[in-house]
Amino acid sequence: MDEDVPVITIDGPAAAGKGTVARLVAGQLGFRLLDSGFLYRRAALATIAGGADSGNADDVVAAIAAIDWDAGCDEQRLRSEAVGAAASQLAALAPVRRELVAVQRRFRTAPGLVADGRDMGTVIFPDAFLKIFMVADLAERARRRLRQYPGLGMDECLAALRERDEADRGRPVAPLRPAEDAVQLDSTGLDAQSVAERIVDLCRQADPGRFKVE
Ligand code: DC
């Protein structure tokens with residue numbers, strides 16, 4: 001791990017807007033982007049495609065070993081709530097998380113990294129320069145999810161998000177929780193651009209030399 005390379009972590013519950021905001025912040029700073037949920041979702045797709053069980057650590061670790069990370073995959077399916085739920089299930093297994101630690105840390109390259117997920121600030125990059133914990137009202141998160149991926153009903157979507165958050169928060173390994181030194185941001189009622197600007201401002205306040213105002 002190159003500890004001189006600054007990392008900004010954005011953790012939080014499902015559909016809080018982390019992905020969009022992380023992309024905007026990375027774009028503004030010229031940093032690399034790690035969507036760690038993608039890795040867990042890709043592992044879930046591979047497990048399901050092989051007819052294996054997302055609750056069985058050996059099966060999932062074998063499915064991960066066979067993934068060709070450079071190959072494309074069905075994005076629509078990857079982003080579905082069903083694959084999100086399977087990702088959440090296999091993400092609770094310690095051997096599966098161990099398998100993905102090095103993969104995630106390899107994203108840390110100059111000039112910097114913006115990483116979004118559940119345990120970016122607590123486990124994967126505990127020495128991050130800035131840690132954000134992003135939240136939003138459940139109803140707003142469901143509305144955003146439905147706008148991006150129509151197909152579920154509102155009630156189903158609310159129930160699926162609630163269930164996934166509970167599973168991610170309640171698991172013993174790398175549970176979803178704010179790091180002690182995280183800044184909490186509530187994105188309810190805000191657009192992604194304003195949240196991203198707030199994060200870039202926090203970077204400038206923390207290190208005006210490195211993050212110059214243009
Ligand atoms: O962010 P997402 O909805 O794409 O993530 C899908 C699931 O993957 C999420 O419910 C839990 C798991 N996950 C995780 O455990 N740790 C991460 N850093 C990212 C995702």
Side-chain angles (χ1 to χ4, degrees), residues 5-41 75-76 78-81 84 104 107-152 154 157-158 160-162 164-165 168-169 176-214:
V5 175
V7 181
I8 297 161
T9 58
I10 307 180
D11 290 305
K18 306 182 298 288
T20 312
V21 168
R23 200 172 337 103
L24 289 169
V25 173
Q28 280 197 38
L29 299 176
F31 281 13
R32 199 171 178 194
L33 180 65
L34 166 62
D35 166 11
S36 61
F38 170 86
L39 305 179
Y40 289 94
R41 284 172 182 268
E75 271 291 317
Q76 182 104 17
L78 186 87
R79 296 291 163 194
S80 69
E81 234 351 277
Q104 295 172 90
F107 279 76
R108 186 175 195 169
T109 53
L113 176 69
V114 180
D116 93 72
R118 304 293 185 290
D119 63 337
M120 297 296 95
T122 50
V123 176
I124 305 297
F125 302 110
D127 63 333
F129 168 79
L130 175 67
K131 298 179 185 178
I132 302 292
F133 194 77
M134 215 166 120
V135 296
D137 280 358
L138 179 66
E140 174 145 340
R141 292 193 282 127
R143 276 195 298 277
R144 286 181 191 161
R145 185 44 52 97
L146 287 176
R147 229 177 288 134
Q148 272 177 303
Y149 309 103
L152 286 181
M154 184 63 172
C157 190
L158 281 170
L161 288 180
R162 198 179 288 124
R164 197 140 70 83
D165 289 347
D168 293 345
R169 274 198 196 98
L176 166 66
R177 64 171 178 82
E180 268 170 30
D181 47 351
V183 177
Q184 182 147 323
L185 285 185
D186 187 336
S187 72
T188 311
L190 295 176
D191 60 36
Q193 189 61 48
S194 343
V195 181
E197 271 161 26
R198 171 97 185 94
I199 294 174
V200 172
D201 278 349
L202 287 170
C203 290
R204 288 180 180 137
Q205 281 165 25
D207 189 344
R210 197 197 288 260
F211 299 96
K212 292 202 173 56
V213 187
E214 271 123 44

- Leu34/Leu39 under side chain to side chain contact (heavy atoms under 4.5 Å, CB included): CA gap, chis, key distance, verdict: CA-CA 9 Å; Leu34 166 62; Leu39 305 179; 4.3 Å; yes
| request: Let me see the working for Ile10 and Met120 under side chain to side chain contact (heavy atoms under 4.5 Å, CB included), right down to the final yes or no. | output: CA-CA 7 Å; Ile10 307 180; Met120 297 296 95; over 6 Å; no
Across all chains, not counting sequence neighbours, the ring pair (Phe, Tyr, Trp, His ring centres under 6.0 Å) partners of Phe133 are none
query: Taking C-beta and beyond as the side chain, do Phe211 and Val200 meet within less than 4.5 Å on heavy atoms?
result: no
d(Gln184 CD, Ile132 CD1) to nearest 0.5 Å is 10.5 Å
| field | Backbone of Asp116 reached by a side-chain donor or acceptor of Lys18 within 3.5 Å | value | no
The salt bridge (charged side-chain N to carboxylate O under 4.0 Å, His left out) partner of Arg118 among Asp11, Asp168, Asp165 is Asp168
Side chain to side chain donor-acceptor pair (under 3.5 Å) with Ser187: of Arg198, Arg144, Arg141, only one passes, and it is Arg144
**OP:** Would you mind reporting whether Thr109 and Val5 have side-chain heavy atoms less than 4.5 Å apart?
**Re:** no
Practice task
Check whether any side-chain N or O of Arg41 sits under 3.5 Å from a backbone N or O of Ser80 as a donor-acceptor pair, and report yes or no.
Solution key: yes
When rounded to the nearest 0.5 Å, the distance separating CD1 of Ile199 from CG of Leu24 is 9.5 Å
Shortest non-hydrogen pair, Pro208 vs Ala206, comes out as CD-C, 3.9 Å
One should read off an interatomic distance between Cys203 SG and Ile8 CD1, to the nearest 0.5 angstrom, of 3.5 Å
Note: Lys131 and Gly121 closest approach over all heavy atoms is NZ-O, 3.0 Å
Evaluate side chain to side chain contact (heavy atoms under 4.5 Å, CB included) for Leu152 paired with Arg145, printing each intermediate quantity in order. CA-CA 9 Å; Leu152 286 181; Arg145 185 44 52 97; 6.0 Å; no
Worksheet item: Is the closest side-chain donor-acceptor distance between Asp119 and Thr122 under 3.5 Å?
Response: no
| said: Does Leu185 form a side chain to side chain contact (heavy atoms under 4.5 Å, CB included) with Val21? I'd like the steps, not just the answer. | reply: CA-CA 11 Å; Leu185 285 185; Val21 168; over 6 Å; no
When Val7, Val114, Leu113 are each screened for side chain to side chain contact (heavy atoms under 4.5 Å, CB included) with Arg32, the one that passes is Leu113
More than 12 heavy atoms from other groups under 6.0 Å of CD on Glu75 = yes
When every non-hydrogen atom of Gly30 is compared with those of Pro111, the smallest separation belongs to O-CG, 3.4 Å
When rounded to the nearest 0.5 Å, the distance separating OG1 of Thr188 from CD of Glu140 is 5.0 Å
Rounded to the nearest 0.5 angstrom, the CG-CG distance for Asp181 and Leu130 is 9.5 Å
Here the pair of heavy atoms bringing Phe125 nearest to Gln104 is CZ-O, 3.6 Å
- Message: Using modelled atom types and a 3.5 Å cut-off, is there a donor and acceptor pairing between side-chain atoms of Asp35 and backbone atoms of Gly19?
- Response: no
Heavy-atom closest pair (Ser36 atom, Gly117 atom, distance to 0.1 Å) is OG-CA, 3.3 Å
Separation between CZ (Phe38) and CZ (Arg79), nearest 0.5 Å, reads 7.0 Å
